[in-house]
Amino acid sequence: MGRGRILVAGGGGIAAYKLPELVRALRGAGHEVRCMLTPAAANFVSALSLGAVSGAPVRQSLLDPGEEGEIGHIELADWADLIVVAPATADLMARMAQGLADDLVTTVLLASRAPVLIAPAMNVHMWEHAATQANLAVLEARGIARVGPEAGELACGWEGLGRMADPETIADEAERLLGAKSLAGERVLITAGGTREPIDAVRAITNRSSGKMGYALAAEAAARGAEVVLVSAPTALRCPAGVRRVSVQTALEMHAAVRDEIAEVGVAICCAAVADFRPAQASERKIKKEDLAPGEGLLLELVPNPDILAEISRDRGARVVVGFAAESHDVVAAARRKLARKGCDLLVANDISREDAGFETDENAVLLVSPTGDVEELPLLPKREVARRVLDRVAKLRDTHGETESS
Ligand code: PMT
């Protein structure tokens, strides 16, 4: 069985063409997925392609004996751990708000006790219409969760709120609603990305961190019920659903942002690649070759940056603090030395000599090193799965810290 059973209810809007992508994202996260479509949705996406990507027959009709024979509509309603309505059109939202059961989708929604997530998509004026907003208020008052709509250019030609959230965002939100809430009520701070230390108005010292590992940790911590603040150096990534992002550029800015937030958090994970040094003086203007004598080199004086991880480990009290390490050789010995120097509760060590892991890749291979010297070696895994393993360890550490505190 998968990690969760998700029933995708497709509504009749142009955004339904993104449903195969949504199904792929949900299955990629390890969930079992089934789909059902309104009659209108079947005009925008084929049951054949959804059946192929979901690996299960797609239900479309309430009164079809063949379909009911495969899996009855009440069975389908009971099967789901979560129902994702995407796209939630104005019409479908209205019918849900009214409690109608005039087709398969609305009937299953009415018969199910599973939580429901809607991803609205429609013309901006339909979205803003008092009737739609009133229906939305009814649905939200019933506890239905919502992701989007987002602003942008709409299929109808208008600009504004009405685009369906992208499939990955919907999948993240579904994950968050379904996730094992092992970090419920916990406040978690995560640093991510590579800091950027300016040399002049256009140049900077930075590194290859894409932020993917830190963002995967943030998405997973949010999925487990934590309140997450992500202190992020520049990246091209979107902020995961349910996460508060504080954007910074330099190590000094990251240090200040972490200091602002740290008193409130119970878990801190330093995944960012922070520059150890910064130019002593950044020129506000672009440094020009012509300003130097012909053949003259340019000397940069570098000064040390604060060590954020060492500082928060020193003052951690009952807080769980996790560090990362990028090592190119003698990984275990170097990681043990780094853990002792930084004083954190767990060190996640990357062997960055591997081309398939560490910086920029979608997968990572890490060692989890404890202060006792114990080492757990994880195989090459998607960064989201590495995040799960790290957070499993965090949840255990938090429980042990809690016991020590109360004894
Ligand atoms: O972002 P990706 O492309 O997904 O790549 C992920 C990653 C390889 C960047 C990540 O998995 C990782 O290993 N991050 C730590 C990289 C690093 O800078 O390691 P380090 O050995 O220099 O630092 C050790 C630890 O001290 C880290 O937790 C770092 O955040 C922290 N540190 C370092 C210097 C400093 N001034 N302050 C810090 O807090």
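Indexing begins at 1, ligand by ligand and atom by atom, following the structure's order. Starting from 1, each residue takes its place in the sequence as its number. Because only heavy atoms are used, hydrogens play no part in the values below, and waters and symmetry mates are left out as well, while side chains stay in.
Looking only at protein heavy atoms, the nearest one to atom 37 (N) of ligand 1 is Ile308 N, 3.2 Å. In terms of protein heavy-atom proximity, atom 39 (O) of ligand 1 is nearest to Leu309 N, 2.8 Å. Closest protein heavy atom to atom 19 (O) of ligand 1: Ala326 N, 3.4 Å.
Counted by atom type alone, Glu175 and His31 present one or more donor-acceptor pairs between their side chains at under 3.5 Å. Residues Thr169 and Arg238 have side chains that bring a donor and an acceptor to within less than 3.5 angstrom of each other. A donor-acceptor contact closer than 3.5 angstrom links the side chains of Asp103 and Thr106.
Polar contact with ligand 1: present for Cys270 (N/O pair, distance under 3.5 Å). Between Ala273 and ligand 1, no N or O atom pair is found at a separation short of 3.5 Å. By the 3.5 Å distance cut-off applied to N or O atoms, Lys338 is counted among the residues near ligand 1.
Ligand 1 is never approached by Glu311 to a heavy-atom distance shorter than 4.0 Å. Note on ligand 1: His255 sits outside its first shell, no heavy atom being nearer than 4.0 Å. Residue contact annotation: Gly358 has a non-hydrogen atom under 4.0 Å from ligand 1. For the pair Ala251 and ligand 1, no heavy-atom separation below 4.0 Å is found. For the ligand labelled ligand 1, residue Pro306 lies inside the 4.0 Å heavy-atom shell.
Of the candidates Arg341, Lys342, Glu327, Lys342 brings a heavy atom nearest to atom 32 (N) of ligand 1. Of the options Ala349, Cys271, Ala335, the smallest heavy-atom separation from atom 10 (C) of ligand 1 is shown by Cys271.
Take Glu153 and apply the side chain to side chain donor-acceptor pair (under 3.5 Å) test, not counting sequence neighbours, and it matches no residue.
A salt bridge links Glu327 with Lys338: the closest approach of a Lys/Arg side-chain nitrogen to an acidic carboxylate oxygen falls below 4.0 angstrom. Remark: Glu186 does not engage Arg224 in a salt bridge, criterion side-chain N to carboxylate O under 4.0 Å.
The side chain of Asn350, and not its backbone, has at least one atom closer than 4.0 Å to an atom of ligand 1 (non-hydrogen atoms only; side chain from C-beta on).
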Donor-acceptor contacts under 3.5 Å from residues 9-24 side chains, at least two apart:
none

